[in-house]
Amino acid sequence: NSKSTQVPQFLLDDPQIGSTAHIIVTQPRRISAISVAERVASERCQPIRQTVGYSVRLESCTSTKTQLLFCTPGVLMKRLHPTDDNDNDNDDGSSNRLAEYTHIIMDEIHERDKYTEFLLIALQDLLEEQNDLQLILMSATMPTRDLAEYWCGVGHRRMLRKKEVG
């Protein structure tokens with residue numbers, strides 16, 4: 001559908017953020033991650049693996065130029081919690097998870113599976129750690145009120161913790 005292809009392109013085409021944007025977009029299934037990536041690349045008149053790429057289980061089509069990456073929730077979860085790679089650790093021992101991304105777009109979030117459920121929880125914590133990370137949740141059928149209630153106060157909790165510590 002058009003929101004899946006257009007929203008990430010709006011970000012890439014924005015004159016202020018487009019040149020520095022690094023966007024990861026989840027699609028609920030492997031085939032949709034690949035087909036949407038191919039469609040967006042085609043709309044941008046580029047071959048896949050340039051600005052637009054994809055990463056699904058056992059298959060990746062990206063390059064150092066890739067700014068827009070389509071993947072499944074399982075792939076994003078694996079990137080969020082690397083198991084055999086300590087290169088993401090900072091000097092203070094904290095993890096700089098997904099630090100290369102400026103935007104995370106979770107598409108079709110009404111199609112809930114175990115990875116999506118876990119990601120919704122883990123991304124709340126990640127947003128607390130990374131002030132500059134933008135999260136976009138998209139669903140054609142999920143009521144926005146439910147989303148608003150679930151995400152209400154995510155940034156506000158960080159402010160409260162700082163006041164308690166300080």
Side-chain angles (χ1 to χ4, degrees), residues 1-13 17-18 20-90 93-130 132-142 146-147 150-151 154:
N1 70 46
S2 63
K3 73 175 169 35
S4 301
T5 60
Q6 296 303 304
V7 170
Q9 290 189 81
F10 289 149
L11 295 171
L12 283 179
D13 294 339
I17 62 172
T20 59
H22 282 89
I23 305 161
I24 190 163
V25 182
T26 64
Q27 290 293 320
R29 287 170 296 287
R30 169 187 178 95
I31 190 71
S32 57
I34 295 170
S35 63
V36 173
E38 289 173 342
R39 166 98 184 257
V40 171
S42 173
E43 288 179 6
R44 299 184 74 76
C45 300
Q46 297 176 347
I48 194 80
R49 194 181 296 228
Q50 297 246 334
T51 305
V52 182
Y54 64 84
S55 181
V56 295
R57 190 168 171 246
L58 304 176
E59 187 178 352
S60 184
C61 187
T62 64
S63 73
T64 56
K65 298 177 185 177
T66 302
Q67 287 184 268
L68 175 57
L69 178 68
F70 288 87
C71 68
T72 59
V75 169
L76 178 57
M77 191 168 74
K78 195 167 208 124
R79 288 174 182 251
L80 184 62
H81 294 288
T83 54
D84 57 0
D85 178 1
N86 291 331
D87 292 340
N88 291 348
D89 289 346
N90 292 328
S94 65
S95 178
N96 201 3
R97 304 173 294 165
L98 300 176
E100 68 271 26
Y101 295 103
T102 57
H103 297 78
I104 297 174
I105 301 174
M106 292 191 65
D107 197 5
E108 309 294 354
I109 62 164
H110 60 275
E111 294 193 27
R112 308 289 270 279
D113 62 9
K114 64 182 178 183
Y115 297 118
T116 302
E117 293 291 331
F118 179 79
L119 280 170
L120 290 175
I121 295 166
L123 288 173
Q124 283 189 350
D125 292 338
L126 186 64
L127 288 171
E128 298 285 338
E129 297 171 14
Q130 296 181 3
D132 55 347
L133 180 63
Q134 302 297 311
L135 176 64
I136 300 169
L137 304 175
M138 297 194 304
S139 172
T141 60
M142 189 170 194
D146 292 350
L147 284 175
Y150 186 83
W151 289 92
V154 169

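Side-chain atoms are counted along with the backbone in the values below, which use heavy atoms only and exclude waters and symmetry mates. Please read these numbers as outputs of a predicted model, since none were measured by experiment.
- The heavy-atom pair separating Cys61 from Ile48 by the smallest distance is SG-CG2, 3.8 Å.
- For Tyr54 and Glu38, the side-chain atoms include no donor-acceptor pair closer than 3.5 Å.
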Stepwise side chain to side chain contact (heavy atoms under 4.5 Å, CB included) check, Leu137 with Leu120: CA-CA 10 Å; Leu137 304 175; Leu120 290 175; 4.2 Å; yes

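- Thr26 has its side chain within reach of Cys71: a pair of non-hydrogen atoms, C-beta onward, lies under 4.5 Å apart.
- Remark: Arg44 pairs with Asp13 by the salt bridge (charged side-chain N to carboxylate O under 4.0 Å, His left out) rule, at least two apart or across chains.
- When all heavy atoms of Pro28 and Asp107 are compared, the pair lying nearest together is CD-O, 4.2 Å.
- Not a single donor-acceptor pair under 3.5 Å links the side chain of Thr66 to the backbone N or O of Thr51.
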Evaluate the criterion side chain to side chain contact (heavy atoms under 4.5 Å, CB included) for residue pair Met106 and Thr116; output intermediate values, then yes/no. CA-CA 9 Å; Met106 292 191 65; Thr116 302; 3.9 Å; yes

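- Partners of Glu43 according to the salt bridge (charged side-chain N to carboxylate O under 4.0 Å, His left out) rule, which considers only residues two or more places apart in sequence or in another chain, are Arg39.
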Could you walk me through whether Glu129 and Leu126 satisfy the side chain to side chain contact (heavy atoms under 4.5 Å, CB included) test, starting with their C-alpha distance in whole Å, then the side-chain angles of each, then the deciding distance to 0.1 Å, before giving a yes or no? CA-CA 5 Å; Glu129 297 171 14; Leu126 186 64; 4.1 Å; yes

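- Atom OG1 in Thr72 sits 10.0 Å away from atom CD in Gln27 (nearest 0.5 Å).
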Side chain to side chain contact (heavy atoms under 4.5 Å, CB included) assessment of Val40 paired with Phe70: CA-CA 10 Å; Val40 171; Phe70 288 87; 3.9 Å; yes

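- Atoms CD and NE2, from Gln67 and His103 in turn, are 11.5 Å apart once rounded to the nearest 0.5 Å.
- Expressed to the nearest 0.5 Å, how far CD of Glu100 lies from CG of Leu69 amounts to 9.5 Å.
- Here the OG1 atom belonging to Thr102 is positioned 7.5 Å from the CG atom belonging to Leu11, to the nearest 0.5 angstrom.
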